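In this text, all values refer to a predicted model and were calculated from it rather than measured experimentally. Counting convention: from 1, in listed order, for ligands and their atoms alike.
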Amino acid sequence: MARLTLIVKTDPFNPDESVISKAVEILRNGGLVAFPTETVYGLGASISRKDAIKKIFSVKGRPMDNPLIVHVDSIDMFLNLTLNPPEYLINALEKLWPGPFTIVYWKSSSVPGEASANLPKAAYRSPAHRVALKLINYLGEAIVAPSANKSGKPSPTTAQHVYSDLGGSIDMIIDAGETLYGIESTIIDFTSVPPRLLRPGALAVEKISEILGIEIEIPLEARGFGEFGEALAPGMKYKHYAPEAELVVVESGDYSDLNKLINMVKKLISDARSKYRSVAVICSSETCSSYLDTNIKIIEIGSRKDIFQIAKNIFKTLRRLDEEKIEFAIVEGFEEKGLGLAVMNRLRKASGGRIVHID
Ligand code: TXA
Ligand code: MG
């Protein structure tokens, strides 16, 4: 049903009381509010409004078996929504919350099945963003939220992205500018021993391991290959992060020698030019100039020396392919280290598994 979407700007560091109060009123009445976090924009519903939680799935076109994240403002709020978390997990949260770190743990009956896709576990995170924290705090209870994009599309890093996907079908968008990380949180399942990475994200898994002094299992699925059987943090069962264009990722076993990578990208460009009207390459600042002679759209994503910036640019770059009506695009791969793991997970999934690997 079409309705008016209220869009209100606010300062990310000092959110207006009136904006937060309006959003809280909407959430209490069972409405949906898109809000900024430090990772991407989320689409929130009050945890006590099952009707609103169900609406999240319908406006996003999200499969009902893909559970949402429960956003809390404190460890205390989390403790009321979970079942006997061990001491070491609470210590981990004390170190890493608020932040882009999501844990999966056994849920209490206070988390409705609508939010957790009827699984006995739920995902929890405390976002490091003043707007998000203040919103949860004023509401006085958790906000259930996935990313605020249409299902299958790249996650939104600006209020404009949210509006372009969901404008007219949600009640309010709080616009606090571009998000800091531009890539979603890292999700770790703490019901497994050792804890298992479900989705690499804005906080590098090596860093989490180091800070917590624990080993974390990194299954192939978390790298963006294949599908988790059970709960669906990343997989290929559904389209993920996908632009309209057909996207191919060119990966290398050794990114210290970029010549082979460039040659393969150029070969793919020349094959594609006879087949598609609009072709683009997404490349690094180290390599983009090598494609100048190909006469296709060149989109620079950042320097290989600054993987934070590449991660931050990834979703807006994928959205740009649609804005520029690109039919076929080639994207260079990046080393799978630190945030590079999250970058490669998103690229592999955005490509729907179209990967060319050179050694
Ligand atoms: O940074 C983020 O995580 C953003 C902001 C808004 O917080 N949220 C986000 O949510 O990216 P989204 O759209 O990725 O959806 C939640 C993810 C899904 O991939 C889902 O499979 C996983 O969390 N998830 C939720 N509950 C789970 C559970 N019980 N077991 C396994 N995975 C779960
Ligand atoms: Mg999402």
Side-chain angles (χ1 to χ4, degrees), residues 32-45 53 56-57 59-72 81-83 97-107 111-129 131-133 135-136 142-157 161-162 165-166 174 179-192 195-203 219 221-222 224 227-242 311 315 342 345-346 349-350:
L32 300 184
V33 175
F35 62 97
T37 78
E38 78 280 33
T39 57
V40 300
Y41 276 76
L43 178 62
I53 299 174
I56 290 181
F57 290 88
V59 302
K60 276 183 61 99
R62 183 178 178 104
M64 294 296 287
D65 60 355
N66 193 1
L68 311 176
I69 296 176
V70 177
H71 293 72
V72 296
L81 299 168
T82 190
L83 286 181
W97 274 4
F101 173 64
T102 298
I103 59 151
V104 168
Y105 202 67
W106 305 112
K107 73 178 185 107
V111 177
E114 283 79 1
S116 65
N118 290 318
L119 292 166
K121 316 170 188 180
Y124 306 87
R125 149 167 142 82
S126 187
H129 194 292
V131 171
L133 283 178
L135 192 58
I136 302 164
I143 294 181
V144 172
S147 51
N149 51 284
K150 273 271 186 202
S151 186
K153 289 282 154 205
S155 297
T157 59
H161 294 162
V162 178
D165 279 16
L166 302 173
I174 305 177
T179 58
L180 173 66
Y181 290 100
I183 200 159
E184 308 95 327
S185 62
T186 304
I187 307 181
I188 296 179
D189 185 348
F190 278 85
T191 66
S192 300
R196 199 156 71 124
L197 179 69
L198 297 184
R199 177 179 73 185
L203 190 58
E221 292 91 332
E227 177 84 36
F228 277 110
E230 189 196 19
L232 320 159
M236 303 232 176
K237 182 169 166 189
Y238 307 115
K239 259 177 126 182
H240 274 289
Y241 316 118
F315 290 135
N345 166 293
R346 305 305 186 277
K349 294 206 278 148

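Closest heavy-atom approach to atom 2 (C) of ligand 1 among the candidates S185, S155, A115: S185. Compare I187, I143, L198, D65 by their heavy atoms: the one nearest to atom 32 (N) of ligand 1 is in L198.
Atoms CG and CD1, from L197 and I187 in turn, are 9.0 Å apart once rounded to the nearest 0.5 Å.
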Practice prompt. May I have the step-by-step check of ring-ring contact (aromatic ring centres under 6.0 Å, His included) for Y241 and F315, ending in yes or no?
Written response: CA-CA 8 Å; Y241 316 118; F315 290 135; 5.2 Å; yes
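When non-hydrogen atoms are compared, ligand 1 lies under 4.0 Å from the backbone of L68 (N, CA, C, O) but not from its side chain. Contacts of R196 with ligand 1, taken as heavy-atom pairs under 4.0 Å, are absent altogether. With a 4.0 Å heavy-atom cut-off, ligand 1 is reached by the backbone of A122 but not by any atom from C-beta on.
Those atoms of ligand 1 with a heavy atom of N66 less than 4.0 angstrom away are 18 (C), 20 (C), 21 (O). The atoms of ligand 1 that sit less than 4.0 Å from any heavy atom of G42 are 6 (C). In summary, the atoms of ligand 1 found under 4.0 Å from a heavy atom of I69, numbered by their order in the structure, are 3 (O), 8 (N), 9 (C), 10 (O), 16 (C), 23 (O). Atoms of ligand 1 found under 4.0 Å from any heavy atom of L119, numbered from 1 in the order shown, are 29 (N). Less than 4.0 angstrom separates some heavy atom of K121 from each of these atoms of ligand 1: 29 (N). Atoms of ligand 1 lying under 4.0 Å from at least one heavy atom of R62, given by number and element, are 13 (O), 15 (O), 16 (C), 18 (C). Counting the atoms of ligand 1 from 1 in the order shown, those under 4.0 Å from a heavy atom of T39 are 1 (O), 2 (C), 4 (C), 5 (C).
For the residue pair S155 and E184, a side-chain donor N or O sits within less than 3.5 Å of a side-chain acceptor on the partner. Side-chain polar atoms of R199 and S185 form a donor-acceptor pair below 3.5 angstrom. When only modelled atom types and interatomic distance are considered, T191 and K121 share a side-chain donor-acceptor pair under 3.5 Å.
At distances below 3.5 Å, at least one donor-acceptor pair connects side-chain atoms of N345 with backbone N or O atoms of A222. Side-chain N or O atoms of T186 include none that pairs as donor or acceptor with a backbone N or O of F101 at under 3.5 Å. Listed for the R346 side chain is no donor-acceptor partner under 3.5 Å among the backbone atoms of I183.
Between R125 and ligand 1, at least one pair of N/O atoms sits closer than 3.5 Å. Considering backbone and side-chain atoms alike, T102 places every N or O at 3.5 Å or more from each N or O of ligand 1.
A salt bridge is absent between E221 and K349; no separation between the charged side-chain nitrogens and carboxylate oxygens falls under 4.0 Å.
Among the atoms of S147, an N, O or S atom is found under 2.8 Å from the Mg ion (ligand 2).
Aromatic ring centres of Y105 and Y124: separated by at least 6.0 Å.
A heavy-atom separation below 4.0 Å is found between H71 and ligand 1.
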